Amino acid sequence: MAGYKPVAIQTYPVLGEKITQDTLYWNNYKTPVQIKEFGAVSKVDFSSQPPYNYAVTASSRIHIYGRYSQEPIKTFSRFKDTAYCATFRQDGRLLVAGSEDGGVQLFDISGRAPLRQFEGHTKAVHSVDFTADKYHVVSGADDYTVKLWDIPNSKEILTFKEHSDYVRCGCASKLNPDLFVTGSYDHTVKMFDARTNQSVISVEHGQPVESVLLFPSGGLLVSAGGRYVKVWDMLKGGQLLVSLKNHHKTVTCLCLSSSGQRLLSGSLDRKVKVYSTTSYKVVHSFDYTASILSLALAHEDETIVVGMTNGILSVKHRKSEAKKDSVPRRRRPAYRTFIKGKNYMKQQDDILINRPLKKHLELYDRDLKNFRISKALDRVLEPTCTIKTPEVTVSIIKELNRRGVLANALAGRDEKEISRVLNFLIRNLSQPRFAPVLINAAEIIIDIYLPVIGQSPVVDKKFLVLQGLVEKEIDYQRELLETLGMMDMLFATMTRKESTSVLQHNTSDGFLENNKIES
Amino acid sequence: MVEEEGIRVVRCGGSELNFRRAVFSADSKYIFCVSGDFIKVYSTATEECVHILQGHRNLVTGIQLNPSNHLQLYSCSADGTIKLWDYIDGILIKTFRVGCELHALFTLSCAEDSVFVMINKGKPDVFQLASVKLPKSSSQEIEAKELSFVLDYVNQSPKCIAFGNEGEYVAAVRDFYLSVYFFKKKTTTRRNFDDEKKYTYTCLHWHHDLVMDLAFSVTGSSLLSGGRESVLVEWREAAEKNKEFLPRLGATIEHISVSPAGDLFCTSHSDNKITIIHRNLEASAVIQGLVKDRSIFTGLMIDPRTKALVLNGKPGHLQFYSLQSDKQLYNLDIIQQEYINDSGLIQIELTKAAFGCYGNWLATVEQRQEKETELELQMKIWMYNKKTQGFVLNTKVNMPHEDHITALCFCNAEKSESSTLVTASKDGHFKVWILTDDSDIYKKAVGWTCDFVGSYHKYQATNCCFSEDGSLLAVSFEEIVTIWDSETWELKCTFCQRAGKIRHLCFGRLTCSKYLLGVTENGILCCWNLLSCALEWSTKLNVRVMEPDPNSENIAAITQSSVGSDLFVFKPSEPRPLYIQKNICREEVLWGVFVPRDVPESFTSEAHQWLNRSQFYFLTKSQSLLTFSTQSPEEKLTPTSKQLLAEESLPTTPFYFLLGKHRQQQQNDKLNEALENELVQLPLTENIPAISELLRTPAHVLPSASFLCSMFVNSLLLSTETKSAEENPDDVDMEEEKESDDSDEENNFTEKIQDTNNTDLEEDIIHQLSKSEEKELKKFRKVDYSWIAAL
């Protein structure tokens with residue numbers, strides 16, 4: 001014996017963007033805080049140590065911002081020319097930056113004057129980074145060279161001259177102190193090993209490389225340049241894993257989410273795209289007002305900081321978890337009830353039987369189960385239901401029609417109730433997905449209430465509106481059919497050769513016929 | 001090898017369970033129902049068929065328990081016999097020949113030597129109630145011609161006759177008349193309810209539709225009623241206010257019966273189902289046969305996984321029916337909507353279904369059409385879930401076509417990489433649906449989407465069929481057959497015979513896969529050769545059903561003529577049919593199907609060869625499922641499944657161990673006497689009623705333990721006494737006579753079973769033992785149980 005089967009509510013696919021876990025996650029940020037800098041923001045870098053301050057390089061200044069402050073808590077401004085690529089050391093206590101004049105300067109976070117100055121590059125240094133052992137600095141410059149510096153005695157250790165164009169980006173491995181990667185405008189990305197004096201792997205990106213990124217494991221390398229983001233498998237000797245082309249303009253910056261599951265890329269087309277690192281599909285994208293030059297994510301993705309060409313720094317903080325205590329707590333059963341049988345250990349021969357789940361029926365289902373048809377119809381004609389979920393109302397009308405009791409349920413209504421039904425019809429009659437059911441209902445209503453028409457001005461007005469709607473719909477359908485006829489003729493002349501293939505059109509002839517009957 | 005006789009058409013499975021009221025055994029352990037020529041005994045606890053009582057040669061029309069011995073069952077049949085059965089062992093005890101066709105059977109506890117039957121004399125619509133005296137005789141077959149008429153002009157249905165007040169009178173109704181016959185006075189009272197007179201009556205109203213049966217509970221305190229609403233209503237104290245319901249029983253309630261013990265009810269439903277219901281109105285068991293009361297739209301199919309027959313079942317369901325065990329396996333709810341059982345309501349019909357890809361996919365089409373323009377159509381595609389061992393809805397397509405879907409087929413080719421489904425519709429299109437991967441990074445999902453829409457000059461598409469290797473698709477558009485390439489969906493060629501619309505279409509198999517067969521409405525069977533694209537042969541045959549055998553090249557065609565239906569089995573490549581059987585049945589055959597055999601037979605004669613690898617089943621218009629059998633009827637009717645008898649074994653209680661030990665001890669005492677030892681073991685078997693009686697009786701009813709104990713100890717002492725008795729044989733002789741008396745008593749106490757046990761035992765002894773030993777044995781038996789029997 002089967003239980004009561006609830007009415008099947010016809011569901012329709014929702015148009016527009018799908019709501020996924022990722023959209024929920026990445027939309028869960030507050031409205032961005034905008035901070036005006038002096039020039040284009042070329043680099044944003046987060047300290048990996050609490051309190052997770054971030055350094056913003058713009059023009060000839062480096063600002064350090066705290067987590068929530070909109071004013072810089074510290075400024076390094078002793079640059080003669082534009083500063084580039086201010087980067088924190090792993091422990092968050094030192095900061096290194098390159099500059100337009102070819103110098104590389106090392107700062108203590110607490111101090112103001114540079115701690116060390118590495119002189120040796122002849123042109124602007126666009127890329128600096130600390131190696132994994134914290135005592136060396138890697139720098140890449142427009143003089144096509146890559147240099148490795150020793151911090152304690154501020155000496156140059158190695159110089160690599162393998163690139164044939166500007167070196168604009170670089171990144172040191174977080175695991176191996178001797179490995180680092182640089183990308184250059186000569187379209188190549190090279191991995192250097194400090195122990196061998198030369199590059200160990202070189203990959204061809206195809207476009208001038210704007211940004212490189214090593215995965216925390218060091219096995220995968222991401223390079224961005226032109227409109228492409230490319231992922232390389234370093235463990236296979238630099239094999240191209242995937243090439244992503246999701247931006248319309250040059251991709252300028254890359255960033256990994258803190259979990260390592262998502263890759264973010266910012267571009268001059270004013271978009272930040274979020275990729276899944278397992279399938280390399282775009283799962284989300286953000287829009288910004290200007291071309292993006294730099295991008296950084298805070299610890300645990302708490303903050304997204306984006307620097308743009310117009311000198312605006314956009315800071316988005318994650319929304320704090322919604323408090324659930326505001327909902328009054330339901331009265332729970334006594335403690336004794338919970339503890340009952342809890343300490344019973346399952347014996348070997350015992351068979352565990354779970355309590356069957358109680359099926360909760362919707363209110364209209366409960367009415368239908370007990371054959372209270374008018375009441376069920378009343379329930380789904382409540383404004384909350386008709387506006388939010390018209391498909392439920394339509395499904396119930398359909399179910400009543402299937403049971404052959406729709407006329408009974410619609411009959412015997414007063415002015416207020418019938419105008420509610422008519423309102424619903426007026427709003428939804430012209431929707432193709434509801435039309436077959438509602439046209440039938442409208443016919444029944446007209447049959448029932450024809451004798452009493454003219455007694456209530458309110459209802460009469462509604463009927464007139466409905467009539468107008470139907471007439472408009474018929475005109476519309478006629479126009480559609482005319483267009484269809486024209487298109488058929490066009491297609492017929494075009495596809496004379498393929499006599500067998502047939503074009504499928506979304507005709508709504510049936511709908512039109514129904515409308516005619518109705519009117 | 002099976003002895004080869006002629007091929008006969010036999011009725012198989014799907015027997016009707018709801019023809020008459022079911023009858024409970026006295027202890028409510030078994031339920032009996034008539035089922036065609038058989039009586040089926042089901043266990044009420046396990047729903048298992050325990051016995052099939054076979055012996056009648058025609059429809060069994062009534063069964064009743066023997067009022068003087070409730071372990072026996074009377075049955076009457078249209079072949080004019082009344083048979084008495086022992087239903088526990090499934091044995092026929094006696095046959096009484098009455099001579100005329102019997103339509104119903106009634107028994108009365110006060111009239112032990114006679115039963116009441118309904119007979120039909122002369123005119124077809126005139127039925128009489130008569131009492132038959134059953135002569136006492138020891139022979140198996142007895143003539144019972146002594147008929148005395150009780151009432152005439154009664155209704156055909158046995159539900160319209162009732163015996164009242166412990167058999168003092170019998171009442172029968174027909175039309176507006178009520179007749180009552182008093183047995184003592186031997187008078188008949190008649191009353192006509194058609195007149196204007198006022199009668200004293202109570203009216204109970206709840207049912208809004210036909211009430212099919214009524215039954216009083218055993219105590220008479222409540223009345224049960226049921227009808228087309230498929231709701232069982234219990235009226236307590238016959239008051240309108242006090243009523244309880246058991247709703248959603250599935251189909252029209254046709255019969256209600258109540259167990260003599262009063263703890264169970266059962267309802268028989270129009271969908272060939274018996275529901276066993278507890279006293280507190282909780283359904284406890286369902287015995288389901290093949291559902292046949294609705295028209296079969298889907299045709300017969302074979303589930304490739306379970307080899308079960310699949311067809312329309314309950315409203316909105318597909319039933320999976322095991323042909324081997326004549327048992328419904330399960331119902332698959334396709335429509336998933338509340339079923340309102342109301343006459344005149346247009347229901348959603350499940351019209352088409354097809355299995356694909358070794359049973360991994362199932363496609364179903366349901367439709368509901370109220371008016372000409374309003375057609376609701378839905379196609380559902382189900383995926384087999386290995387974890388739950390069932391079908392799970394995968395894709396639902398609303399309005400897949402603008403008009404009725406006429407055919408549905410899967411591409412079942414072995415090496416096809418993608419799954420393909422084709423639907424043909426009256427709207428002039430056929431659509432190709434393919435399985436696509438619509439998984440994203442969050443979940444893995446597959447769904448079916450429309451891949452191609454084809455049409456041919458706006459003709460209605462009527463049939464579609466894939467070739468065996470899946471490379472070609474044949475779609476018939478009214479009179480024209482079109483062949484499409486399944487790779488590119490290009491039209492390859494067309495065949496047209498101008499001989500009426502195509503009714504069936506199928507490709508040949510294996511070596512005959514180059515042939516395409518078509519059957520037209522005008523009664524022409526055509527065979528086209530796909531290599532030469534020409535008509536190979538055609539013949540004039542009014543084929544109703546054409547079904548290819550999946551395991552061979554054979555194709556079965558059933559033709560319809562005014563006389564009856566004929567079967568032709570042929571190979572498309574050969575001009576002569578392999579096998580012809582004329583007149584397989586008188587009615588129209590609607591559907592047929594080949595069922596692959598689990599173990600191939602090895603018939604050598606040419607006529608039988610087509611049955612080697614598959615069996616052919618077909619369904620006639622009156623919805624009887626028939627098949628071809630080469631075996632003789634006796635072989636066919638072997639008991640089906642293991643018989644799960646309600647257990648008789650005793651629980652192993654401490655008391656049981658005590659007794660067992662005692663027995664063993666006794667044995668040890670007699671170890672030196674090997675023969676005797678063997679004999680002692682015989683009564684050790686657990687079915688000694690005295691002990692079982694003792695063990696079953698609730699503790700609070702038993703005498704106190706001290707009382708039992710003293711008796712028990714006494715019995716222990718007796719065993720030594722027997723030793724001494726052995727020494728003086730005079731004593732034994734003296735006791736012997738007494739003992740025989742005692743054993744009689746014992747028999748009375750333990751009723752019949754004991755009786756049979758005794759006889760069995762003694763027969764054994766006679767074979768083996770000398771007289772003196774036998775005496776001794778008897779003594780033992782007495783010694784061991786007398787103390788219990790004496791309670």
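Please read all numbers here as calculations on a predicted model, not as lab measurements. Every chain is numbered from 1 and lettered A, B, ... according to where its sequence line falls, protein lines coming before strand lines.
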Contact check, side chains of A/R402 and B/Q337, non-hydrogen atoms, under 4.5 Å: yes
Would you list the atom pairs, donor with acceptor, under 3.5 Å between side chains in residues 367-374 of chain A and any protein atom, with sequence neighbours excluded?
residue : atom : partner : partner atom : Å
A/D367  : OD1  : A/R372  : NE           : 3.0
A/D367  : OD1  : A/R372  : NH2          : 2.9
A/D367  : OD2  : A/R379  : NE           : 2.6
A/N370  : ND2  : A/R366  : O            : 3.2

[X] side, atom [atom1]; [Y] side, atom [atom2] - distance, nearest 0.5 Å:
| X | Y | atom1 | atom2 | answer |
| --- | --- | --- | --- | --- |
| B/I346 | A/R403 | CD1 | CZ | 16.0 Å |
| A/Q10 | B/Q378 | CD | CD | 6.0 Å |
| B/R368 | A/N401 | CZ | CG | 5.5 Å |

Intermediate values then yes/no, side-chain contact (heavy atoms from CB on, under 4.5 Å), B/N398 and A/R433: CA-CA 10 Å; B/N398 263 329; A/R433 54 188 184 178; over 6 Å; no
OH/B/Y459: more than 12 non-hydrogen atoms of other groups inside 6.0 Å: no
More than 12 heavy atoms from other groups under 6.0 Å of CZ on B/F245: yes
Which residues share a side-chain contact (heavy atoms from CB on, under 4.5 Å) with B/E234, sequence neighbours left out: B/S222, B/L224, B/R236, B/E244, B/R279, B/L281
Toward chain A, the part of B/H269 with a non-hydrogen atom under 4.5 Å: neither
Heavy-atom pair with the smallest gap, counting every atom of B/R248 and A/Y4: NE-N, 3.3 Å
